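All remarks here apply to the structure that follows.
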Amino acid sequence: MTGPEAASPVALAPPTELPSGLRRYGAVWRLPGAPTLVVAGVLGRLSTGMAPLALVLLLAQVTGSYALAGLASALFGLANAVGGPALGRLADRHGPTPVLLASGVVYPLATGAVLAAAYLRAPAGAVLATCALLGLVMPPLTATLRSVWTDITTGARSALRSPALSLETTVFEVVFVVGPMLVGILAALLSPSAALAAAGLLTAGGTLTVALGEATRASRPHPDRVRARGLGPLLAPGMPMLMAVTGSVTFAFGVVGVTVPAFAAEHLGHASSAPAGVLLGLWGVGSVTGGLWFGTRHFRASLPAQWAVTLSLVALGMASLAIAWSVPVLAVAMLLSGCTLAPSLTVENALVSRIAPAGQVNEAYTWLVTVAVALAALGSSVAGLIVDEPGGVRWAFGLAATTTAMAAGIAAIPRSPLRKAAAAPAS
């Protein structure tokens, strides 16, 4: 994080008038270093949507074992969830630029190690180790970008924080739509190895560009930061409750990710389950649409109150999935339900930047990702057990709606630690 406003070149600009509608995104784009954060940030994070699928396709092709391929992809995700907070803590202590430069160089080398292990027919343990290494050294780009967006929207530009974080949340959704598509195209035209190599190069290029960008280089360790120990920002006032709510919601996301393909297979037959990808894509399109709209609005309610409302809308969207009776109806429900996702995630990101201790915002965001990955994986596992039972698809969608409604209820608790932390003076 940057220091006090007087010490930050970004904060010396004159006060920013809050424009209306889509012009807010124009004002965000004109912030110092913003174009680099948006464009290079998307390119650098495409690997998030590409690497898991590319690993599965590569190892299934080379080894003929989907079991090994699935385990490798899971290890990649788990290692990333473990390594993220450690890299985030380093970014808080030394600034994001050196951490991004180092990981931006190491990541493509780790990609090469995975490719070498696969094509040299290394033992399964060695292949899995390289996949875990790849996840461990993935640059903490999402946490850094959200931290830097917070930095450049302090003081006179604080009115632009909501549209900036909304834009960040929305473009991140694009990663999960475009990434798998790129893997499919490259794997079909060239090979799965080309897709994985492209993911590594895109990560390196985007990460190094962000690291050397104006806004990132201006970000410095907070002069009043509390040195993080143990679980660091995870135990700060309000953070346990925030993480509990986040975990409940991402658990539901994991449930939906498994239940939608099961719904498609149930209604169209197992041989016709391909529409599941289209249905999940519509969810992403809805999220992008909702996120862009949300960033054009200004709300007077507190962040916890906004979160309770947006999460209630997410729960209603999840409930609509449970009453869908055909694939076309589910398609409409997925699109409308998706419109509620990015707004709730935007408020969540704003809350993290609001209540995380001074100088620990990078690590706080990486913990958010870790909790999200772990609970989404748990949700996927639970949904897999439920959908195999008679009527299980409807019960699984109902479970997703229930856990999200519980999250909204927790966020709505008056005088909660989360609300107190959000109302406290900024550190």
Side-chain angles (χ1 to χ4, degrees), residues 1-3 8-10 31-51 76 79-113 133-153 164-165 167-169 171-172 174-175 179 198-222 225 228 232-233 349 352-353 356 359-370 373:
M1 292 286 292
T2 54
S8 171
V10 173
L31 290 172
T36 297
L37 297 179
V38 174
V39 178
V42 170
L43 294 176
R45 288 181 292 177
L46 279 174
S47 184
T48 305
M50 294 176 69
F76 167 82
N80 180 229
V82 171
L87 292 177
R89 183 168 296 186
L90 289 173
D92 284 326
R93 288 183 180 179
H94 307 291
T97 293
V99 174
L100 290 183
L101 287 176
S103 56
V105 170
V106 173
Y107 188 81
L109 297 177
T111 302
L133 174 65
L134 188 66
L136 198 64
V137 300
M138 175 174 275
L141 205 49
T142 295
T144 295
L145 286 166
R146 291 171 182 174
S147 177
V148 173
W149 277 119
T150 300
D151 279 354
I152 66 175
T153 54
L165 289 176
L167 179 62
E168 154 60 20
T169 301
V171 297
F172 189 44
V174 173
V175 166
L201 293 175
L202 285 169
T203 296
T207 299
L208 296 177
T209 302
V210 170
L212 298 174
E214 175 185 0
T216 307
R217 286 185 290 108
S219 185
R220 297 285 187 272
H222 197 290
R225 70 180 179 87
N349 291 329
V352 172
S353 69
Q360 297 181 23
V361 176
N362 277 287
E363 186 180 346
Y365 277 125
T366 55
W367 275 115
L368 194 71
V369 174
T370 294
V373 168

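For the single chain, residues carry numbers from 1 onward in sequence order. Atoms considered below: every heavy atom in the structure, side chains included; atoms not considered: hydrogens, waters and symmetry mates. Here the structure is a predicted model, which means the values were calculated and not measured.
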Nearest 0.5 Å, please: how far is [atom2] in [Y] from [atom1] in [X]?
{"X": "Leu145", "Y": "Thr216", "atom1": "CG", "atom2": "OG1", "value": "7.0 Å"}
{"X": "Leu133", "Y": "Met138", "atom1": "CG", "atom2": "CE", "value": "11.5 Å"}
{"X": "Leu201", "Y": "Thr111", "atom1": "CG", "atom2": "OG1", "value": "8.0 Å"}
{"X": "Leu134", "Y": "Asn80", "atom1": "CG", "atom2": "CG", "value": "9.0 Å"}

Can you tell if the side chain of Thr209 reaches within under 4.5 Å of the side chain of Leu43, non-hydrogen atoms only? no
Mind checking whether Val42 and Val39 have side chains closer than 4.5 Å, heavy atoms only? no
Which atom names give the shortest non-hydrogen contact between [X] and [Y], and what distance separates them?
{"X": "Leu100", "Y": "Leu208", "result": "O-CD2, 4.3 Å"}
{"X": "Phe76", "Y": "Ala51", "result": "CZ-CB, 3.7 Å"}
{"X": "Gly41", "Y": "Leu141", "result": "O-CD2, 4.2 Å"}
{"X": "Val99", "Y": "Leu87", "result": "CG1-O, 3.9 Å"}
{"X": "Gly200", "Y": "Pro108", "result": "O-CB, 4.1 Å"}
{"X": "Thr203", "Y": "Thr207", "result": "O-OG1, 2.7 Å"}

After noting the C-alpha distance and the side-chain angles of Leu212 and Thr36, does the key distance pass the side-chain contact (heavy atoms from CB on, under 4.5 Å) rule? CA-CA 9 Å; Leu212 298 174; Thr36 297; over 6 Å; no
